[in-house]
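Written out below as structure tokens is the structure these notes cover.
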Amino acid sequence: MTSVIIPRSEHTVSRQNIHPDALKVMYRLVRKGFTAYLVGGSVRDLILGRTPKDFDVSTNATPSQIKKIFQNCFLIGRRFRLAHIRFDDQIIETSTFRRCPDQDEENGGDDLYQFRDNCYGTPEEDALRRDFTINGLFYEVERFTIIDHVGGLSDIQNRLIRCIGDPNIRFREDPVRMIRAVRFASRLDFHIEPATYNAILRHHEEILKASPPRIFEELQKLFAFAAGEKAFRLLYKTGLLHVLLPEIADFLDHDHGQDSVLWTWLEHLDERIRTVGKVEPVLVFAALFTAPVRHVAERYETAGERVVYNALLADLLPPICTRMSMPKWMSTRMIQIMANQSRFEPDKKKRFSKRGFVAQDCFPETLALYQLGLLVAGEDLGPAEIWGSLRSEVEAETPQFVRGEVRTEQGRPPRKRPPRRRRR
Ligand code: ATP
Ligand code: MG
């Protein structure tokens with residue numbers, strides 16, 4: 001692949017769309033005699049006219065050189081040192097150009113799975129170690145040029161996700177890249193080019209070699225940008241879902257595959273994300289599991305067995321959540337909001353406090369799941385609105401009763417401070 005430099009007159013990326021803090025970092029590095037580029041997803045998004053989520057910089061300055069230049073710099077990472085340059089409202093991640101470690105530098109060469117990623121390299125090597133051509137572009141602030149070592153610009157123009165290098169090798173080096181391919185294809189509405197797609201079909205089972213927490217993080221990202229339905233259809237089509245979440249793939253196989261009700265759940269979830277603007281992970285996974293669990297319940301019932309739905313939830317879901325490395329607080333909350341659904345049509349014979357129910361900390365997600373269920377069933381949202389009003393009423397009357405006003409971004413209730421150690 002020949003490297004190409006695209007002058008300012010031939011591309012649409014304007015400095016005005018680059019965060020001033022990222023510009024500050026690059027200009028300061030350049031003034032000190034280093035090379036510094038804007039890299040990765042931000043260049044891709046700027047070319048596409050989208051607003052980048054974050055701005056990453058790569059440079060030939062080493063982490064300790066970066067630290068000397070920026071007072072607000074913190075070095076992180078043990079395997080590969082990265083500089084986090086902190087500003088008021090964001091962090092500019094600044095990394096030193098690196099290359100893929102040679103195979104014999106790793107673990108004997110047989111197993112391609114990457115354990116180390118800590119060799120510095122040239123800018124070109126840094127582009128070549130990245131996952132997809134669309135993520136391998138550099139923007140350079142001195143002459144406002146785009147530097148393309150990987151053919152990324154034409155792939156952006158043709159809306160293609162293509163591995164840099166041989167996809168059969170790149171996916172075995174780091175199987176999480178297969179989920180990333182699905183993420184970018186669905187989020188950007190791109191196609192995965194045939195060689196990359198076929199490599200996913202061939203190597204999808206290798207995803208089991210990746211660390212579960214990393215996979216879990218990537219799965220959550222599939223729902224950002226309201227692209228969850230598309231992403232899960234692609235996971236299912238490529239076979240990745242059969243390895244990642246066999247229970248859900250199994251359900252789809254039994255529930256008309258690409259015409260399953262699960263897609264209606266995910267469509268409405270995407271719609272909610274589009275309107276509300278954010279995604280509560282607990283709700284995402286509850287929406288994902290509701291139809292499959294109901295299906296199991298129906299199967300028992302058809303076989304003439306009595307099923308206690310909440311007992312089934314408590315039976316089926318914890319092992320799946322543990323396997324996928326879902327944090328315990330999240331799985332507990334997810335199961336609770338799923339179990340809570342029966343309370344919207346309470347058993348008249350049992351005592352039940354509606355006000356106590358709506359005052360629950362997890363009521364907002366419980367109600368959101370109920371709303372999704374009504375939408376999936378094509379029913380009127382009136383009942384959900386009545387419950388919502390009751391919640392507002394209770395909140396207004398007894399604000400201290402409704403806990404969880406202070407929440408972390410993921411919806412996790414704030415941690416209690418550990419008790420102070422007494423000095424001896
Ligand atoms: P997003 O907008 O979702 O943040 P992104 O492209 O910035 O997308 P990140 O996960 O933030 O994705 O990663 C930043 C960059 O690091 C990517 O654009 C890519 O160049 C590189 N990268 C990330 N993960 C990998 C990987 N597993 N293998 C190779 N390169 C990677
Ligand atoms: Mg990013």
Side-chain angles (χ1 to χ4, degrees), residues 17-19 22 37-59 76-77 79-80 82-84 90-101 112-119 121 123-139 146-153 155-156 161-167 169-190 196 199-200 203 206-207 209-211 213-228 231 273 278-279:
N17 299 326
I18 300 174
H19 198 285
Y37 300 142
L38 194 67
V39 294
S42 53
V43 185
R44 174 199 71 216
D45 288 344
L46 288 167
I47 294 170
L48 284 167
R50 300 166 72 102
T51 311
K53 211 160 48 91
D54 37 37
F55 292 88
D56 298 335
V57 169
S58 273
T59 174
I76 59 148
R79 253 177 21 173
F80 189 85
L82 284 177
H84 271 183
Q90 67 162 345
I91 289 171
I92 303 294
E93 192 171 286
T94 307
S95 60
T96 309
F97 296 129
R98 58 181 135 149
R99 62 182 165 91
C100 280
L112 281 172
Y113 189 76
Q114 265 184 8
F115 287 100
R116 285 182 20 206
D117 191 9
N118 57 359
C119 316
E124 183 170 358
E125 285 169 332
D126 190 87
L128 293 174
R129 69 148 184 107
R130 290 172 185 274
D131 47 6
F132 305 110
T133 57
I134 60 163
N135 291 344
L137 293 161
F138 298 151
Y139 174 82
I146 289 176
I147 303 169
D148 185 0
H149 294 293
V150 292
L153 205 60
D155 282 341
I156 290 185
I161 308 293
R162 182 196 309 275
C163 269
I164 295 174
D166 180 347
I169 295 176
R170 301 310 306 280
F171 286 142
R172 278 188 295 152
E173 272 172 7
D174 180 2
V176 170
R177 288 177 187 145
M178 295 189 276
I179 311 181
R180 290 174 61 84
V182 166
R183 163 148 73 94
F184 294 120
S186 47
R187 187 213 290 185
L188 304 172
D189 205 12
F190 277 27
T196 304
I200 300 181
H203 300 293
E206 304 238 352
I207 195 66
K209 287 193 183 167
S211 93
R214 257 189 90 204
I215 296 180
F216 184 63
E217 211 182 305
E218 279 295 333
L219 285 179
Q220 289 188 71
K221 288 188 187 167
L222 293 179
F223 287 92
F225 300 90
I273 294 164
K278 76 173 175 120
V279 46

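Positions are given from 1, in the same order as the sequence printed here. Just follow the structure's listing: the first ligand is 1, and inside any ligand the first atom is 1.
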Minimal heavy-atom distance between Ser42 and Asp54, with the atoms involved, is CB-O, 3.4 Å

Measure across Phe55 and Ala22 and return the closest heavy-atom pair with its distance rounded to 0.1 Å.
CB-CB, 3.7 Å

Out of the candidates Val39, Ile156, Ile147, only one should pair with Leu137 under the side chain to side chain contact (heavy atoms under 4.5 Å, CB included) rule; please name it.
Ile156

Salt-bridge test for Glu217 and Arg214: reply yes if a basic N is under 4.0 Å from a carboxylate O, no otherwise.
no

Protein residues that have a heavy atom under 4.0 Å from any atom of ligand 1, sorted by chain and number
Gly40, Gly41, Arg44, Lys53, Asp54, Asp56, Arg129, Arg130, Asp131, Asn135, Asp174, Arg177, Arg180, Arg183, Phe184, Arg187, Arg214

Which atoms form the tightest heavy-atom contact between Ile161 and Ile134, and what is the distance?
CD1-CD1, 3.7 Å

Does the plane of the ring in Phe184 sit parallel, tilted or perpendicular to the ring in Phe132? Use 30° and 60° as the thresholds.
perpendicular

Which atoms form the tightest heavy-atom contact between Ile215 and Ile179, and what is the distance?
CG2-CD1, 3.8 Å

Kindly write out the residues that satisfy salt bridge (Lys or Arg N to Asp or Glu O under 4.0 Å) with Asp131, not counting sequence neighbours, or none if the list is empty.
Arg180

What is the total of protein N/O/S atoms that are closer to the Mg ion (ligand 2) than 2.8 Å?
1

Contacts of type salt bridge (Lys or Arg N to Asp or Glu O under 4.0 Å), residue Asp126, not counting sequence neighbours
Arg129, Arg130

